[in-house]
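The structure appears right after this line, and notes come after that.
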Amino acid sequence: MPETDSAPVAPVSATPPPPYLAELNDAQRRAVEAVDGPVLVLAGAGTGKTRVLTARLAHILATRRAWPSQIVAVTFTNKAALEMRERLERLIGQAAEGLWLGTFHAIAVRILRRHAEVVGLRPNFTILDTDDQLRLVKQVAAAEGVDEKRWPARAILGAIERWKDRGLAPDKVTDPGNLADGRALKIYRQYQERLQTVNAADFGDLLLHNLTIFQMRPEIAAEYQERFRYILVDEYQDTNVAQYLWLRLLAQKYKNLCCVGDDDQSIYSWRGAEIGNILRFEKDFPGAQIVRLEQNYRSTPHILAAASALIAKNAGRLGKTLWTTANEGERVLLRGVWDGEEEARWIGDEIESLQRKGERLSQVAILVRAGFQTREFEERFINMGLAYRVVGGPRFYERQEIRDALAYLRLVHQPADDFAFERVVNTPRRGIGTQTLQALHHLARSARISLGEAAARLIATDELKPAARKSLGGFLTDLARWRGLAQAVPHTELAQIVLDESGYTAMWQADKSPDAPGRLENLKELVAAMDEFENLAGFLDHVSLVMENAGQSGGDMVSLMTVHSAKGLEFDVVFLPGWEEGLFPNQRSLDEHGMKGLEEERRLAYVGLTRARQRAYVSYAANRRIHGQWQTTLPSRFIADLPQDHTEMNAEPGLHPRAAGLAPGLEEDWQPTPLLRRRPELARLLMQTRHQDVTPPPPNAGVKFAAGDRVFHRKFGLGTVRTAEGGKLSIAFDQAGDKMVMDSFVEKA
DNA sequence: ATGTACAAGATTTTT
DNA sequence: TCTTGTACAT
């Protein structure tokens, strides 16, 4: 949101009949025209949520209910905000100057910068990234004497973030739980205090501080309540409690709040999203209009039916019946393969064949459950020369050299930024090691000052060794000079000067590792990217809030991403690999959240399927290598949830043939092959061949069982062999009782 | 203060 | 398998 928000901008003129209404169906039009008062739009996948929200914006402007600067529209990603703005401006035929459009965080930060002093910050405060957060928690926890092994910093930070997601500042927390022996709350307090000392806010703070400001200064709250005549929210099912409170407060005066959401697509509960926010809407806003959108414009009937049947297995949903008038199309294709490499090969071949039939690569996506799954596809696609892009993968701003460079700029811009200080004080090497740093930390913590200030005090004494003292002094002098320069020269020039004078560029020039030239290239790119911003502050905010890949968006390429990042997107063809028990649904989600976890996983599967317009492919592998370990896997229970009428099974011969009809109970006779776990060299050999042609060796080949042997069965557990005849064993299982089992299904215990 | 060698641990999803 | 952290040597 680069625009300023000074004076209200004149109303946008539009000539009737409005084009934005022409392309809508009845329900959509109702949602658009019900502009006064609270509105909740419950909409299924592919029913045109964003289109409705945009049309609504256009409508508000065209009917002159508000100026753009009196409207706030909140989207889930910055990209969605950009798209909405473009669409809106096309609709109204002019720029929507002054419109507040962006993520919760992007909007909250604008408010916070203005009133930072209310929460003890200065307007140029730093926005922390996850790394910095974690480092701070580690420091605080260590000082508190918490055992890192028992209570990893990650877990403590998780607890802190959960509190923040729920809108709880340290003084509001009532349930300290037993995390870190009940010390988590104490750590939270110190963490927060330290953030204030170093003039920084983390992501959660952006909203939390907003709430605090509104609470402590009612006149400020009133100002924004007055300003925001219309509030629009996309993806409402994924708002957390803090966001909900923020919205409720701001909408208090005009109550023109319109939320669009789909409870079946709530996939962020791990980040604090509350489906309850949707359910509560009518209670909080009596007389709210509820509009349901159920006509799907995206997918073919087969895909829609398969997805609907899948999500119908979830209990506790509001329930929607999606329908479409589209032509039947192809069934969802289910494909079972031997292993992950085979899966990547098959998908690659399939994409090539689609491409030959005229499908554009940019209309093809591979959606995986977890980030690490993209690697297999990348390797394969590089190999076959297929153009692809990883969406949301390793990001430009997360590269080491970029983060270092940014740390220099942050430190120039915000002298108290400890995290930046720590990052660059000895990069390039200045002979400032752990000893010196420890002394700095010690003083900084005890005197409640920033590291930079502590450094300044320390060089005034003779506590440090002469070498360290001299070098640290030089560093501080440099910083002071650059800060002075910041007023005088343009920010791109400043960046260049800082990188050169600090010796950072020279450091990489002297580096003879193969990736050094690339890093220097990236640094150049960074300086070039800064040119698009008015000043250093604007650039730094952009970097903190918009952590996405610059460039490389163009071109005809296959998209590779997690299902989470595919939210809100659509493609002609979607591949959904890795539908295996443990991977999808993810085991950890199941272990930690039980039924709730399973339902969220199912919603995720639903989101994945409904991204497809024309074709959806679901695949699973019988063997997968995870952390370099071979594991045999079962087809996901979600596959069994897909109705046979709308799917087509196409498994490799000999691979758990009834997988499609197999319920997760796995009563049946299929067993994974433990052989591969014991003999990875065999697995590797198998992987190097065309697997269609290879019959896997029978499991347990050559293993003979005799009465009295202790054995293990995947389903029945441990037991003792009573009799063995041919391949059939009679086994007395410790838990499951007596069973007849084929010997290939048990292992020697 | 810096560099090396070896061991342990990790992998869910992101504004 | 790959990355990160720690202990020890330089």
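All chains are named by letter (A, B, ...) in the order of the sequence lines, taking the proteins before the strands, and each is independently numbered beginning at 1. Basis for what follows: all heavy atoms, side chains included, without hydrogens, waters or symmetry-related copies. Computed from a prediction, not measured in an experiment: that's the story for all the values here.
For A:Glu463, there are no side chain to side chain donor-acceptor pair (under 3.5 Å) partners two or more places apart in sequence or in a different chain. Every side-chain contact (heavy atoms from CB on, under 4.5 Å) that A:Ala81 has, sequence neighbours left out, goes to A:Thr75, A:Leu101.
Side-chain contact annotation: A:Asn586 with A:Glu601, donor-acceptor N/O pair under 3.5 Å absent.
Protein atom CG of A:Asp131 is 16 Å distant from nucleotide atom P of C:dT3, rounded to whole Å. Between the P atom of B:dT13 and the CD1 atom of A:Ile267 lies a distance of 13 Å, rounded to the nearest Å. A:Arg154 has its CZ atom 12 Å from the C1' atom of B:dT12, to the nearest Å. Atom-to-atom, NZ of A:Lys596 to C1' of B:dT13 comes out at 18 Å; the value is rounded to the nearest Å. Between the C1' atom of B:dT14 and the CG atom of A:Leu128 lies a distance of 16 Å, rounded to the nearest Å. In this structure, OH of A:Tyr268 is placed 8 Å from C1' of B:dT15, rounded to the nearest angstrom. In this entry the distance linking CG of A:Leu206 with P of B:dT14 reads 19 Å, nearest Å. Rounded to an integer number of Å, the gap from A:Tyr236 OH to B:dT15 P is 21 Å.
Distance from the side chain of A:His593 is smallest to B:dT12 among B:dT12, C:dC2, B:dT14. The side chain of A:Arg375 approaches C:dC2 more closely than any other nucleotide in the set B:dT11, C:dC2, B:dT14. Side chain of A:Trp270, nearest nucleotide from B:dT14, B:dT11, B:dT15: B:dT14. Side-chain atoms of A:Ser589 lie closest to B:dT12 of the nucleotides B:dT12, B:dT15, B:dT14. Picking from B:dT12, B:dT13, B:dT15 the nucleotide with the shortest atom distance to the side chain of A:His564 gives B:dT13.
Judged by distance alone, the side chain of A:Asn426 and the main-chain N or O of A:Gly433 form no donor-acceptor pair under 3.5 Å. Panel note: side chain A:Ser502, backbone A:Tyr504; a donor-acceptor pair is recorded below 3.5 Å. In terms of modelled atom types and a separation under 3.5 Å, the side chain of A:Asp339 and the main chain of A:Glu342 share a donor-acceptor contact. Using a distance-only test at 3.5 Å, with no hydrogens or angles considered, no donor-acceptor pair links the side chain of A:Gln265 to the main chain of A:Asp262.
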Practice problem: Before giving the answer on side-chain contact (heavy atoms from CB on, under 4.5 Å), spell out for A:Asp541 and A:Ile127 the whole-Å C-alpha distance, their side-chain angles and the decisive distance to 0.1 Å. | Solution: CA-CA 8 Å; A:Asp541 260 8; A:Ile127 302 170; 3.6 Å; yes
Write down the protein N/O and nucleotide N/O pairs, taken from nucleotides 1-4 of chain B, whose separation is under 3.5 Å; answer none if there are no such pairs.
{"residue": "B:dA1", "atom": "OP1", "partner": "A:Gly433", "partner atom": "N", "Å": "2.8"}
{"residue": "B:dT2", "atom": "OP2", "partner": "A:Asn426", "partner atom": "ND2", "Å": "3.2"}
{"residue": "B:dG3", "atom": "OP2", "partner": "A:Arg429", "partner atom": "NH1", "Å": "3.0"}

Expected rows: protein N/O vs nucleotides 8-10 of chain C N/O, under 3.5 Å:
none

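Residue A:Gln587 qualifies as enclosed at atom CD: its count of foreign heavy atoms under 6.0 Å is above 12.
Mapped onto DNA chain B by nearest heavy atom, A:Thr130 and A:Ile626 fall at different nucleotides, with A:Ile626 at the one closer to the 5' end.
With ring centers used as reference points, A:His209 lies 6.0 Å or more from A:Phe214.
Of the residues in residues 365-374 of chain A, those with a non-hydrogen atom less than 4.0 angstrom from any atom of DNA chain B are A:Arg369, A:Ala370, A:Gly371.
The aromatic rings of A:Phe584 and A:Phe638 sit perpendicular, their planes meeting at an angle over 60°, well past the 30° parallel limit. Taking the six-membered ring where the residue is Trp, A:Tyr268 and A:Phe76 present tilted rings, their angle falling between 30° and 60°.
A distance of about 22 Å separates the C1' atoms of B:dT11 and C:dT6, rounded to the whole Å. Nucleotides C:dT4 and B:dT13 are separated by 15 Å at their P atoms, to the nearest Å.
The residue A:Phe104 sits apart from the nucleic acid: no heavy atom pair falls under 4.0 Å.
Phosphate proximity of B:dT12 to A:Thr562: absent, as no side-chain N or O sits under 4.0 Å from OP1 or OP2.
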Distance-only check: which donor-acceptor pairs under 3.5 Å involve side-chain atoms of residues 436-444 of chain A, not counting sequence neighbours?
{"residue": "A:His441", "atom": "NE2", "partner": "A:Glu422", "partner atom": "OE2", "Å": "3.3"}

